[in-house]
K.L.:
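Can you keep this structure in mind? I'll have questions shortly.
Labels below follow one simple rule: chain letters A, B, ... track the order of the sequence lines, proteins then strands, and each chain is numbered from 1. Given the structure is predicted, the values throughout are model-derived calculations rather than measurements.
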Amino acid sequence: MSSGPQETLVQNRENKLAEIRQLGFDPYPHKFDYTHTVSRIVTEYADRDAAALEAEPQTVRTCGRIMAIRTFGKAAFAHISDGTQRIQFYLKKNEVDEKIFQLFQLLDVGDIVGVDGALFRTRTGELTILARDLVFLAKCLLPMPEKWHGLTDVEIRYRQRYLDLIVNPEVNAIFRKRSLIIRKMREFLEARRYVEVETPMMHPLVGGASARPFITHHNKLDMPLYLRIAPELYLKRLTVGGMERVFEINRNFRNEGISTQHNPEFTMIEFYQAYSDYRDLMELTRDMITWVVDEVVGQRVVTFKGQAIDFGTWHRFTMREAILHFWNRGEPRPAMADLADREGVAALLRRTGAEPAAGESRGALLGQLFEEVVEEQLVQPTFIYEYPVELSPLSKQKDDEPDFVERFELYIAGMEIANAYSELNDPDEQRQRFLEQVRKREKGDDEAQMMDEDYIRALRYGMPPTAGEGIGVDRLTMVLTDSPSIRDVILFPLLKPEKE
RNA sequence: GGGGCGUUAGCUCAGUCGGCAGAGCAACGGCCUUUUAAGCCGUGGGUCGAAGGUUCGAAUCCUUCACGCCUCACCA
């Protein structure tokens, strides 16, 4: 970083900064009053042609980062950007103060400036500011990436996201879209009488999902704390307390592997609706996501990794139906009867080439079979419902089939996007489920949940029938921005530390 | 964690069979008052990811390591 040729590149820029100071300019002024952002100029004057700008002169005062400079000895063009749009200004030696021209000669690509002048159109028709004043605002001391290819090295892009944002305008667009997606989801829920809440990020117990937690420690209390893997158990305490519709948008932390679909911290919108069941949430989910797609994308068909995803058509299968429907491992095709017992499921699992784990229940194997056979085929928005009770320690059982629970997941582009269920509100049954989790934990399953006595106590005060859901905001954003990696929709994804 | 690929100038990339380290942009010095990847002339810039090894000679072959990407496993 501080060796060899880059030193001279940086030295050049530092020398220029010193010269700017010697010319009498403040190298780090405190503020700049502008009349227009660059973006506003570009949109507001998009329709004014050269004649219109001549007949009715428009002066603007704006600011941004210099993205390109083209000099002609006694004149020059430069583009400045506000991060979203860019506009050109034209500076002529005989139309500005001598000092301003000298200042301009000391500018580099990357510097931040203010410009003041009248708008005109060049011969080629480009909207341009004829500069009458130029204000130095900040120096870019490090050399900028190249103008044609920009910055493509993903390691630098993720580590130095600021540079990525400066150079690659589409990155800025993705994160604006992410912001809009979250805003629209919030708006959707608020319009339905939901209240936004914040619950603890540091938990004394692990619960609400199956995942390994990050562990930390409180010094004064001398107690271990877990970064939350899910807010679920706190949000449901709130429904006990009479907050009938609550939601939270925040991070979960899971101490698991990292991949194009997994970051150790990720954003989940989780919501609970009293006096409703999972079927109501299926409707709500479809309505919410189609509306968000309409608002954010403007059309129902979205391209993701080259595939057309149609949010105008939603599919639904029970987990068992999906296994039969999407079976692609040759004849004979399985029938519902083959899923009826553990041995049948295990046999099918063997036909996929997977080895059914020894101690696992029929429900767990069913889940495994689903993942083997179905998951990656669920490209179009698809609800999978009725999950095995063994995989769902917090969900309410089906009345007519207690081996299964009232739960669904939403799949898009082969990814799990949402998970929802009718909440188990029978405290005795919940205790049994927790005890089962504790047994798993004792057998070495470090993803199993812990007994949460206070949560049981809350349920004993009575929780209304309630349905709850979590939607993975990062993954939804991936689909709506055609981003193949979760790192493309997280500003600062976790990376190993830079060496040195 | 396993497998595959990658790491060369500030950036984007070439580098053949092991034989003097290259280009474009950026930078620096000139010329240039409507350019658009502006143009023309000239100049400088390298611990070839790191450490070992093979060889008369290594960016190039071998080993180990670091980081990244893809993929599998795990997970949402």
Side-chain angles (χ1 to χ4, degrees), chain A residues 1-13 15-16 50 67-79 86-96 101 108-110 120-128 130 140-160 163-164 166-168 208-212 229-230 252-268 270 354 367-368 371 375 409-411 414-419 446-447 470-476 478 484-487 493 495-500:
Chain A
M1 184 58 133
S2 59
S3 69
Q6 182 168 354
E7 225 166 49
T8 66
L9 294 175
V10 173
Q11 193 60 55
N12 285 337
R13 287 170 178 249
N15 292 344
K16 287 179 183 176
M67 304 307 290
I69 300 178
R70 295 176 292 280
T71 61
F72 290 85
K74 296 193 184 66
F77 288 93
H79 272 102
R86 47 175 68 190
I87 192 162
Q88 176 173 260
F89 71 83
Y90 183 41
L91 185 110
K92 295 206 264 187
K93 188 177 168 118
N94 62 349
E95 298 212 9
V96 292
F101 195 73
D108 288 296
V109 170
F120 74 105
R121 285 197 184 266
T122 62
R123 258 178 220 155
T124 53
E126 179 162 349
L127 187 64
T128 305
L130 178 59
C140 174
L141 291 171
L142 300 178
M144 293 285 284
E146 192 219 336
K147 60 187 168 187
W148 310 350
H149 308 87
L151 181 68
T152 60
D153 182 322
V154 292
E155 190 172 348
I156 303 177
R157 286 187 47 224
Y158 297 149
R159 285 192 200 284
Q160 297 178 245
L163 193 56
D164 190 28
I166 290 169
V167 173
N168 298 321
S210 299
R212 279 196 293 273
I229 59 173
N252 290 343
F253 306 87
R254 298 191 185 172
N255 207 339
E256 310 277 359
I258 298 176
S259 79
T260 49
Q261 293 172 42
H262 300 85
N263 194 61
E265 53 179 305
F266 62 101
T267 300
M268 186 94 121
E270 200 158 316
Q368 198 185 343
E371 282 172 23
E375 201 165 348
E409 292 194 352
L410 170 64
Y411 284 86
M415 292 188 290
E416 187 188 328
I417 299 288
N419 179 23
D446 50 5
E447 291 180 9
I471 300 178
V473 171
D474 313 275
R475 288 180 177 181
L476 183 61
M478 287 170 67
S485 169
I486 199 168
R487 297 181 202 94
L495 298 175
K496 284 199 193 179
E498 226 168 334
K499 35 190 166 174
E500 287 171 320

K.L.:
Within the 4.0 Å heavy-atom criterion, would you say E95(A) contacts the bases, only the backbone, or no part of the nucleic acid?
P.N.:
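Nothing: the residue E95(A), judged by heavy atoms under 4.0 Å, touches no strand.
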K.L.:
Using only modelled atom types and a 3.5 angstrom limit, is any donor from either the side chain of T71(A) or the base of U35(B) paired with an acceptor on the other?
P.N.:
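For T71(A), whose side chain was compared with the base of U35(B), there is no donor-acceptor pair (under 3.5 Å).
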K.L.:
Could you give the CG-to-C1' distance, from L142(A) to G10(B), as a whole number of Å?
P.N.:
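Nearest whole value for this atom pair: 9 Å.
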K.L.:
Considering every strand and a 4.0 Å limit on heavy-atom distances, what is the contact class for E409(A): base, sugar-phosphate, or nothing?
P.N.:
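It contacts nothing in the nucleic acid.
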K.L.:
Taking for each residue the nucleotide of RNA chain B bearing the nearest heavy atom, is the 5' side occupied by E256(A) or by G73(A)?
P.N.:
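The answer here is G73(A).
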K.L.:
Nearest whole Å is fine: how far is A66(B) P from E155(A) CD?
P.N.:
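So the CD-P distance, E155(A) to A66(B), works out to 14 Å.
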K.L.:
Return the value, rounded to whole Å, for the distance between atom CZ of R13(A) and atom C1' of C11(B).
P.N.:
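Atom-to-atom, R13(A) to C11(B), this comes out as 12 Å.
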K.L.:
Rounded to the nearest 0.5 Å, what separates atom CG in D164(A) from atom CG in L151(A)?
P.N.:
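Those atoms lie 6.0 Å apart.
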K.L.:
Roughly how far apart are M67(A) CE and K147(A) NZ, rounded to 0.5 Å?
P.N.:
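One finds 12.0 Å between CE of M67(A) and NZ of K147(A).
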K.L.:
Let's test this: given Watson-Crick or G-U wobble pairing with both distances under 3.5 Å, identify the partner of C17(B).
P.N.:
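Base partner found: none.
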K.L.:
Between the base of U35(B) and the side chain of E126(A), is one N or O donor paired with an acceptor at under 3.5 angstrom?
P.N.:
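Absent.
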K.L.:
For I156(A), report the nucleic acid contact type (base, sugar-phosphate, nothing); a contact means any heavy atom under 4.0 Å.
P.N.:
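Result for I156(A) = sugar-phosphate.
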K.L.:
Taking OH from Y90(A) and C1' from U35(B), how many angstroms apart are they, rounded to a whole number?
P.N.:
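Spelled out: OH on Y90(A) to C1' on U35(B) is 8 Å.
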K.L.:
Between the protein and nucleotides 28-30 of chain B, list the N/O to N/O atom pairs that are separated by less than 3.5 angstrom.
P.N.:
{"unit_1": "C28(B)", "atom_1": "OP1", "unit_2": "K16(A)", "atom_2": "NZ", "d": "2.6"}

K.L.:
Just to confirm, is there a sub-4.0 Å distance from OP1 or OP2 of U35(B) to any side-chain nitrogen or oxygen of R70(A)?
P.N.:
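Indeed not, no polar side-chain atom of R70(A) lies that close.
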K.L.:
Check whether the aromatic ring of F77(A) stacks on the base of U35(B), taking stacking as ring centres less than 5.5 Å apart and planes within 30° of each other.
P.N.:
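According to the criterion (under 5.5 Å, under 30°), yes, F77(A) stacks.
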K.L.:
Report the C-alpha separation of I258(A) and R487(A) in whole Å, then their side-chain angles, then the decisive distance to 0.1 Å, and conclude whether the side chain to side chain contact (heavy atoms under 4.5 Å, CB included) test is met.
P.N.:
CA-CA 10 Å; I258(A) 298 176; R487(A) 297 181 202 94; 3.9 Å; yes
K.L.:
Checking only heavy atoms, does the side chain of T122(A) share a donor-acceptor pair with the base of U35(B) at less than 3.5 Å?
P.N.:
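Checked by distance alone, the answer is yes.
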K.L.:
Who does A27(B) pair with, Watson-Crick or G-U, both distances under 3.5 Å?
P.N.:
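The base-pairing partner of A27(B), which may sit in any strand shown, is U43(B).
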K.L.:
What distance, rounded to whole Å, do you find between the two P atoms, one in C11(B) and one in A50(B)?
P.N.:
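Their P atoms lie roughly 15 Å apart.
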K.L.:
Categorize K147(A) for me: base, sugar-phosphate, or nothing, with a 4.0 angstrom heavy-atom threshold over every strand shown.
P.N.:
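Answer is sugar-phosphate: K147(A) comes under 4.0 Å of backbone atoms only.
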K.L.:
Measure CD/E375(A) against C1'/A73(B) and give the value in whole Å, please.
P.N.:
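Rounding to the nearest Å, CD of E375(A) and C1' of A73(B) are 14 Å apart.
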K.L.:
Check whether any side-chain nitrogen or oxygen of R212(A) sits under 4.0 Å from OP1 or OP2 of C74(B), and answer yes or no.
P.N.:
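Checking C74(B) against R212(A), no side-chain N or O comes under 4.0 Å of OP1 or OP2.
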K.L.:
Assign N94(A) to base, sugar-phosphate, or nothing according to its heavy-atom contacts below 4.0 angstrom with the strands shown.
P.N.:
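Contact class for N94(A): base.
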K.L.:
When the C1' atoms of G53(B) and U60(B) are compared, how many Å lie between them, rounded to an integer?
P.N.:
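Their C1' atoms lie roughly 15 Å apart.
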K.L.:
Distance between the P atoms of A58(B) and A51(B), in whole angstroms?
P.N.:
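Straight-line distance between the two P atoms is 14 Å.
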K.L.:
When we call it a touch if two heavy atoms are under 4.0 Å apart, what does R475(A) touch: a base, just sugar-phosphate, or nothing?
P.N.:
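Since a base atom lies under 4.0 Å of R475(A), the category is base.
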K.L.:
Expressed as a whole number of Å, how far does the P atom of A23(B) sit from that of G42(B)?
P.N.:
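Per the computed distance, 13 Å lies between those P atoms.
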K.L.:
Please identify each residue that fulfils side-chain contact (heavy atoms from CB on, under 4.5 Å) with Q88(A), with sequence neighbours left out.
P.N.:
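Listed in chain order: R70(A), F77(A), H79(A), T122(A), E126(A), T128(A).
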K.L.:
Indicate whether OP1 or OP2 belonging to U34(B) is found under 4.0 Å from a side-chain N or O atom of K92(A).
P.N.:
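For K92(A), the contact criterion (side-chain N or O under 4.0 Å from OP1 or OP2 of U34(B)) is not met.
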K.L.:
Whom does C74(B) pair with, Watson-Crick or G-U wobble, provided both distances fall under 3.5 Å?
P.N.:
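Looking at the geometry, C74(B) pairs with no nucleotide.
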K.L.:
Please enumerate all protein N or O atoms sitting under 3.5 Å from an N or O of nucleotides 69-71 of chain B, with distances to 0.1 Å.
P.N.:
{"unit_1": "C69(B)", "atom_1": "OP1", "unit_2": "R487(A)", "atom_2": "NE", "d": "3.4"}

K.L.:
Please report the interatomic distance CG(L410(A)) to CZ(R475(A)), rounded to the nearest 0.5 Å.
P.N.:
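One gets 11.5 Å once the value is rounded to the nearest 0.5 Å.
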K.L.:
For the NZ atom of K92(A) and the NZ atom of K74(A), what is their distance to the nearest 0.5 Å?
P.N.:
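With rounding to 0.5 Å, NZ (K92(A)) is 13.5 Å from NZ (K74(A)).
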K.L.:
Please list, chain by chain and in numerical order, all residues satisfying side-chain hydrogen bond (donor to acceptor under 3.5 Å, both in side chains) with R254(A), sequence neighbours excluded.
P.N.:
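R254(A): no side-chain hydrogen bond (donor to acceptor under 3.5 Å, both in side chains) contacts found.
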K.L.:
Under 4.0 angstrom, heavy atoms only, what part of the nucleic acid is G470(A) near: base, sugar-phosphate, or nothing?
P.N.:
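Nothing, no heavy atom under 4.0 Å.
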K.L.:
Which value, in whole Å, describes the distance between the P atoms of nucleotides G46(B) and A21(B)?
P.N.:
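The same atom, P, in both gives a distance of 13 Å.
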K.L.:
Taking only side-chain N and O atoms of R157(A), does any of them lie within less than 4.0 angstrom of OP1 or OP2 on G68(B)?
P.N.:
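R157(A) to G68(B) OP1/OP2: no side-chain N or O under 4.0 Å.
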K.L.:
Quick one: N255(A) CG to G1(B) P, roughly how many Å, whole number?
P.N.:
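Checked: the CG to P distance equals 13 Å.
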K.L.:
Do N419(A) side-chain atoms and G470(A) backbone N/O form a donor-acceptor pair below 3.5 Å?
P.N.:
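The answer is no, because no donor-acceptor pair under 3.5 Å joins these two groups.
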K.L.:
So, F266(A) and A76(B): ring centres less than 5.5 Å apart, planes less than 30° off, yes or no?
P.N.:
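The ring of F266(A) is stacked on A76(B).
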K.L.:
Roughly how far, to the nearest 0.5 Å, is the CG atom of N263(A) from the CG atom of N252(A)?
P.N.:
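So the gap between those two atoms works out to 12.0 Å.
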K.L.:
Residues two or more places apart in sequence or in another chain: which of them pass side-chain hydrogen bond (donor to acceptor under 3.5 Å, both in side chains) with T71(A)?
P.N.:
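side-chain hydrogen bond (donor to acceptor under 3.5 Å, both in side chains) check on T71(A) returns nothing, list empty.
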K.L.:
Whole Å only: how far is the CD atom of E416(A) from the P atom of A76(B)?
P.N.:
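Distance, rounded to whole Å: 6 Å.
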K.L.:
Please determine, for U7(B), whether a Watson-Crick or G-U wobble partner exists with both distances under 3.5 Å, and give it or none.
P.N.:
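Looking at the geometry, U7(B) pairs with A66(B).
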K.L.:
Has T8(A) got a side-chain N or O lying under 4.0 Å from the OP1 or OP2 atom of G45(B)?
P.N.:
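Answer is no, no contact under 4.0 Å.
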K.L.:
Which is more 5' along RNA chain B, the nucleotide nearest S210(A) or the one nearest A75(A)? Just name the residue.
P.N.:
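Upstream on the strand: A75(A).
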K.L.:
Taking atom P of A73(B) as reference, at what distance in whole Å does atom CD of E371(A) sit?
P.N.:
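The answer, rounded to whole Å, is 10 Å.
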K.L.:
Calculate, to the nearest 0.5 Å, the distance between atoms CG and CG belonging to L142(A) and L163(A) respectively.
P.N.:
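Going from CG on L142(A) over to CG on L163(A), the span is 9.0 Å.
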K.L.:
So which protein nitrogen or oxygen atoms get under 3.5 Å of nucleotides 22-24 of chain B's nitrogens or oxygens?
P.N.:
{"unit_1": "G24(B)", "atom_1": "N2", "unit_2": "E146(A)", "atom_2": "OE1", "d": "3.1"}

K.L.:
Has the side chain of Q261(A) got a donor or acceptor atom that lies under 3.5 Å from a matching backbone atom of I486(A)?
P.N.:
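Not at all, since once roles are kept as given, no pair shorter than 3.5 Å links the two residues.
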K.L.:
Give me the distance, rounded to whole Å, that separates A26(B) from G10(B) when you measure between the P atoms they each carry.
P.N.:
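The answer is 16 Å between these two P atoms.
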K.L.:
If every non-hydrogen atom of P143(A) is compared with every non-hydrogen atom of V10(A), which pair is closest and at what distance?
P.N.:
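Residues P143(A) and V10(A), closest heavy atoms: CD-CG2, 4.2 Å.
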K.L.:
In whole Å, what separates the C1' atom of A9(B) from that of G24(B)?
P.N.:
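Here A9(B) and G24(B) have their C1' atoms 12 Å from each other.
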K.L.:
If pairing requires Watson-Crick or G-U wobble contacts with both distances under 3.5 Å, which nucleotide is the partner of U55(B)?
P.N.:
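Pairing partner: none.
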K.L.:
Considering only atom C1', compute the distance from C25(B) to A66(B) and round it to an integer number of Å.
P.N.:
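Each nucleotide's C1' atom is 30 Å from the other's.
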K.L.:
Looking only at side chains, do N15(A) and Q11(A) share a donor and an acceptor under 3.5 Å apart?
P.N.:
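Short answer, yes.
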